[in-house]
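The structure appears below as structure tokens.
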2 protein chains.
Amino acid sequence: MDNKTAVTLLSSIAQDARFSIFRLLVQAGSSGLAAGNIGEKLSIPNSTLSFHLKELSHAGLITARQESRFVFYFANYEVMNGLLAYLTENCCAGQQACCPDLACSSHV
Amino acid sequence: MDNKTAVTLLSSIAQDARFSIFRLLVQAGSSGLAAGNIGEKLSIPNSTLSFHLKELSHAGLITARQESRFVFYFANYEVMNGLLAYLTENCCAGQQACCPDLACSSHV
DNA sequence: TCTATATTTCCATAAATATAGAAATATTGT
DNA sequence: ACAATATTTCTATATTTATGGAAATATAGA
């Protein structure tokens, strides 16, 4: 993970619609959600939805899989975790205990 | 933390210059960095830097403190951790073990 | 192949964001 | 008050990103 990748990933969820989409997919878990289903739940028009889904999948945060007539989308947990790890990794920068609670446990 | 706040925070670091600035401040730790110092290290013109510093501090990710003739900036670890916690909090969505490694430890 | 349904591309437009020079505004030491 | 230094605002411009209707492209069942 480098800055460029991190910024791309962050940009992909730093937007209302896409943040909501990602959360929905996170909650849907391994069964995923069909594109139409997402658009319905969030009241997003087809073309707009498609645009955002492409942004997310292009960044690598979600994955698409054709299933029958539908295209199912899934949250990519590993990539998300990679991003979080990268962020938390530098959160203490040597000096301990700058992160009071939880987030920094990753690189203990 | 709600979606709106999360998106604002994410937007504030989802940008090359600001991501670099934030990292620099994270590494600087409790001693912080003067604005001019940041601009020098990252080769960012005054006005551009000021714009980005305002974005970050407005979002709440960094804090400013006047010290002598300089304005020192500091990473706001707590806010950052709050964001990470919010992200990881929903990363498993009930079903366990969807987050193989580290990031999800926060809400165990 | 025809039809119905699902999703994506095309397109034009709108809105938000980033950039940096120049001028204005602090702040402090003398 | 003056001079020196630091930072911010103002301004215009450039660039990127978001939006959604309409048309095009899948996909699969009959």
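To find a chain, count down the sequence lines: A is the first, B the second, and so on, and within it residues start at 1.
Here C/dA26 presents its C1' atom at 11 Å from CZ of B/R69, a figure rounded to the nearest Å. Rounded to whole angstrom, the span from the CZ atom of B/F70 across to the C1' atom of C/dG29 amounts to 12 Å. The nearest whole Å value for the distance from the CG atom in A/L49 to the C1' atom in C/dT8 is 10 Å. Counting to the nearest Å, the P atom of C/dT9 and the CD atom of A/E55 are 12 Å from each other. One interatomic measurement links the two molecules: CZ of A/F51 to P of C/dC11, which rounds to 16 Å at whole-angstrom precision.
The side chain to side chain contact (heavy atoms under 4.5 Å, CB included) test with B/L42 is passed by exactly one of B/N37, B/L24, B/T48, B/L49: B/L24. Each of A/D2, A/N3, A/T5 was scored for a side-chain hydrogen bond (donor to acceptor under 3.5 Å, both in side chains) with A/Y86, with one residue passing: A/N3.
Comparing the start and finish of the helix from C/dT1-D/dA30 to C/dT30-D/dA1, five pairs each, the helix axis swings through 30°, to the nearest 10 degrees.
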### Task
Give the C-alpha distance, both sets of side-chain angles, the deciding distance and a yes or no for side-chain contact (heavy atoms from CB on, under 4.5 Å) between B/I21 and B/I13.
CA-CA 9 Å; B/I21 291 169; B/I13 40 169; over 6 Å; no

### Message
Evaluate A/V26 against A/M80 for side-chain contact (heavy atoms from CB on, under 4.5 Å), listing each step before the verdict.
### Response
CA-CA 10 Å; A/V26 159; A/M80 189 62 194; over 6 Å; no

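Using a distance-only test at 3.5 Å, with no hydrogens or angles considered, a donor-acceptor pair links the side chain of A/R18 to the main chain of A/S12. Side-chain atoms of A/S57 come within 3.5 Å of backbone atoms of A/L53 as a donor-acceptor pair (strictly under, hydrogens ignored). No side-chain donor-acceptor contact under 3.5 Å links B/T8 to the backbone of B/A59.
Between A/N46 and B/G36, the residue anchored closer to the 5' end of DNA chain D is B/G36, taking for each the nucleotide with the nearest heavy atom. Residue order along DNA chain D, read from the 5' end via each residue's closest nucleotide, puts B/A35 first among B/A35 and A/I44.
In this structure, A/F51 is not a member of the same hydrophobic cluster as A/I62, with clusters built from ILVMFWY side-chain heavy atoms closer than 4.5 Å. Both A/L25 and A/Y77 are part of a single hydrophobic cluster, where members link through side-chain heavy atoms under 4.5 Å apart.
Rounding to the nearest 0.5 Å places CG of A/L9 at 11.0 Å from CG of B/L10. Taking CG of B/L33 as the reference point, atom CZ of B/F72 lies at 7.5 Å (rounded to 0.5 Å).
Nucleic acid contact for B/Y73: sugar-phosphate only, since backbone atoms but no base atoms lie under 4.0 Å from a heavy atom of the residue. Using a 4.0 Å heavy-atom distance criterion, A/S11 is classed as making no nucleic acid contact.
Using a 4.0 Å cutoff on non-hydrogen atoms, the parts of residues 13-21 of chain A near DNA chain D are A/Q15, A/R18, ordered by number.
The nucleotide range of DNA chain D contacted by chain A, defined by atoms under 4.0 angstrom from heavy atoms of the protein and reported 5' to 3', is D/dA18 to D/dA28.
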